[in-house]
Engineer: 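This is the structure I have questions about; it appears just below.
Every chain is numbered from 1 and lettered A, B, ... according to where its sequence line falls, protein lines coming before strand lines.
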Amino acid sequence: MESPRAIQRKNGRFTFSMVCVVVGFCVLAFRLVELQVVDSPDLAREAKDQHRKIHLIEPGRGTIYDRRETVLAINSDVPSIFGDPPQCLNPRETAGTVAAVLGLDADHVEQKLRSPKSFVWIKRRIDDHAVEALRHMSLDGIGVIRERQRVYPNGALLSHVLGFAGIDGYGLEGLEWKYDRSLRGKRGQLLMDHDAVGQPIFSEVLAEQLPAVGHDIVLTIDMGLQYMAESALDEAIESTQAKGGNVIVMDPFTGAILAMTGRPTFNPNAVRQYQPEQWRNRVVTDPYEPGSTFKIVAAAAALNEEIFRSDDRLFAEDGHYDVGGTVVHDIHSRGWMTFSEVIEHSSNIGAIKIAQRVGEETFSDYLHAFGFGEKTGVDLSGESSGILRPRDRWSGRSLASLAIGHEVAVTPLQLITAAAAVANGGSLMRPYVVAEVRDGDGYTVMRTEPHVRKKVISIQAAAELTEILSRVVSQGTAGMAALPSHAVAGKTGTAQKADRKHGGYLKDQYISSFFGFFPARFPQLIILVVIDEPKTEFWGGKVAAPVFRKIAEQAVPYLNILPDVPGRDIAALLVAS
Amino acid sequence: MKVILGSALLLFLMLFSVWEDQEIVNLGYATEEMRLAKAHQYERQQALMGKYYGLISLDRIERRAMTQLGLVRPQAGQVILMSKQ
């Protein structure tokens, strides 16, 4: 039997224990409430942050197609090698192995692997074989990331028009730069839940950060014609040992550019191997003195103003003509010539006399009407306005010089656009290379329609000048441009290059050119060929005209261009419409 | 008896809830795997298109036709155009 004192002590201990338990539970309950109620939102957010991450979604850059939907520029992913220096246990040995596989300097790689950073690039954009080789070696601190790369399947073909995109996917040159905002699309964000080992469980695209795929671009370029133009130009440059050259092929009625190329060129897949000056699209950026091809302006003005008809005669001064103290010569001395013969045989004196009859003011108006001295508005970057002095700064010899294509500098694109105005019945078109832009779902968001900038000459004047230009090919200076099956109209040009350092002209340095359109009375194509500093021969009719013929001969079956037929000509069509 | 049945029902509901959660997580893994596979296939398709258009590039075909097959361009007069009419 326990004593009352012992029982009292036991009760006291029991009560104390109970109080401790109750207090303990109260503390726990308090903490539980604190965690579950008071701190709950913060803790829940912290927990989410630990297993939720935001990933950036890089939108695919849009594809560029030619008018037949051939891919010209597309994305591809390529492996790049990076280093994680803290994870690399033996930098010297690893650097030696990696350098041997990737063809790098071992010391340089080792220096990178000894960096205090946790990420260093070893080599970007390598081939898959090197990656496989490195994978088999399972090196510490070396990893592979796949990066997007822009690929140009046709290599150097059309490179000046396409331009290129940089290593980070931004357009840097050409259409890639000009249409960068459309092509690049919009970056989005992806909210992703990860498990304990970092494996993604759920993902959700953030509504306010939806990605937008880059738009696709369809060009007016036809890669078949582009290839014909480039290979013909290459052959001509090789055979004449020329410094460079340009070719443009255009639809004269719409201004759509079907081919455009220049030399020197570059391969956009390996752009760093070329000098930046090789990236330039000289067709739109570099003006030159056009020489005799420019005589069409004076001729068009004279016919449109009805100052001359094609069979009117004028005296060519037997090959020597004094203009403001400077004697102008013709290659072949001639006396009386018809207006048509002046153009057919490219008489300088005849062209000057025509311009003099037209008059300074009117001739100046026609120069501007044909678009010289201003940009054509083509949708390509870096376009030059050319050089055309305002009339109040002309000298006493300017009218004569301009009549034969001197004292003026034009881009090849300006010249072909002006010539196309003669070919199409008198309308100066805005040239363009982008036919349409499509969104990621294939819907057209922008379509380029042919745009008439201005009406330059009448249909009758254009038709009469076309007849004269046909005789340039059939009887005049451009015999080598003639096609057996189709009538061709065109004009040759041979200009000495201007000496920019000392003034005047450089001896033995020429620009030979020819533009032609066919079938003459209802042309489907107009082609301009410009050869820069040919060495073996320099006449436009012998250097540039054969290049035109080569392209035209291939284009005829390729586009199934039928010869002229009686009753189908530009004048009849336009008058009827 | 009621207590046992109640406990069994409670246990069943708990297990069902756990199974359901597990299924959702598994579906999440599967969905993510498919999303990644789709992205990979798209990239592969783009790369293959790039390769394909590189292989059919006119420059490459003509070079091969002329150097390996010995083909030549048609001479003037060998191409005869037929009118569609």
Side-chain angles (χ1 to χ4, degrees), chain A residues 57-58 60-61 63 65-66 69-78 128 146 148-158 190 192-195 199-205 213 223-228 230-231 234 269 483-486 549-550 553-554 556-563 565, chain B residues 14 17-85:
Chain A
I57 309 172
E58 292 294 342
R61 197 172 170 81
T63 303
Y65 300 92
D66 83 340
E69 305 277 336
T70 302
V71 170
L72 307 178
I74 197 166
N75 302 315
S76 179
D77 62 326
V78 286
D128 285 315
R146 294 195 84 82
R148 286 249 167 90
Q149 185 189 33
R150 199 66 165 159
V151 172
Y152 303 91
N154 293 287
L157 222 56
L158 197 68
L190 191 70
M192 197 176 269
D193 285 332
H194 292 264
D195 62 14
Q199 186 99 352
I201 311 173
F202 302 108
S203 63
E204 171 193 358
V205 177
V213 181
M223 283 310 272
L225 288 174
Q226 180 72 25
Y227 179 66
M228 292 166 200
E230 296 212 16
S231 50
D234 282 335
N269 294 311
L483 297 174
S485 53
H486 295 66
R549 191 185 58 209
K550 189 158 218 166
E553 272 176 351
Q554 294 177 62
V556 165
Y558 178 69
L559 296 176
N560 196 23
I561 299 173
L562 297 173
V565 289
Chain B
M14 281 172 68
S17 170
V18 169
W19 173 81
E20 189 186 30
D21 281 355
Q22 188 59 42
E23 276 303 292
I24 290 170
V25 170
N26 284 342
L27 277 173
Y29 279 123
T31 310
E32 277 312 299
E33 222 167 80
M34 285 161 78
R35 190 183 64 80
L36 288 174
K38 183 185 165 192
H40 181 69
Q41 289 302 325
Y42 176 74
E43 278 166 13
R44 193 164 156 67
Q45 182 217 21
Q46 294 263 299
L48 287 172
M49 269 176 78
K51 249 182 203 171
Y52 168 73
Y53 281 100
L55 289 171
I56 62 164
S57 124
L58 291 169
D59 183 30
R60 179 181 171 278
I61 289 174
E62 186 165 285
R63 213 175 331 110
R64 292 208 163 197
M66 287 181 157
T67 56
Q68 292 178 9
L69 302 175
L71 299 182
V72 291
R73 289 215 177 93
Q75 299 300 305
Q78 286 183 306
V79 177
I80 298 163
L81 285 180
M82 308 281 286
S83 166
K84 281 178 186 167
Q85 293 155 352

Engineer: Given heavy-atom pairs under 4.5 angstrom as the criterion, report whether the side chain, backbone, both or neither of A:E230 touches chain B.
Structural biologist: neither

Engineer: Listed by residue number, which members of residues 59-72 of chain B have a heavy atom under 4.5 Å from any heavy atom of chain A?
Structural biologist: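 Against chain A, the residues of residues 59-72 of chain B that fall inside the cut-off (heavy atoms, under 4.5 Å) are B:D59, B:E62.
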
Engineer: Checking an interface table here. Which of residues 21-32 of chain B come within a heavy-atom distance under 4.5 Å of chain A?
Structural biologist: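 The list, in residue order, reads B:I24, B:V25, B:G28, B:Y29, B:E32.
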
Engineer: Run the salt bridge (Lys or Arg N to Asp or Glu O under 4.0 Å) test against A:R61 and tell me which residues pass, sequence neighbours left out.
Structural biologist: A:E176, A:D180

Engineer: Under a 4.5 Å cutoff for heavy-atom pairs, which residue among A:L483, A:D77, A:L157 has the most contacts with chain B?
Structural biologist: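 Maximum pair count with chain B is reached by A:D77.
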
Engineer: Tabulate below the donor-acceptor pairs under 3.5 Å that side-chain atoms of residues 42-53 of chain B make, not counting sequence neighbours, or state none.
Structural biologist:
from: B:Y42; atom 1: OH; to: B:Q46; atom 2: NE2; distance (Å): 3.4

Engineer: Count the heavy-atom pairs under 4.5 Å between each of A:T70, A:V78, A:D193, A:L72 and chain B, then report the option with the highest count.
Structural biologist: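 Going by pairs under 4.5 Å, I would pick A:T70.
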
Engineer: Rounded to the nearest 0.5 Å, what separates atom CE in A:M228 from atom CG in B:L58?
Structural biologist: 8.0 Å

Engineer: For chain B, find which of A:V151, A:N75, A:V71 contributes the most heavy-atom pairs closer than 4.5 angstrom.
Structural biologist: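 Ranked by heavy-atom pairs under 4.5 Å with chain B, first place is A:V71.
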
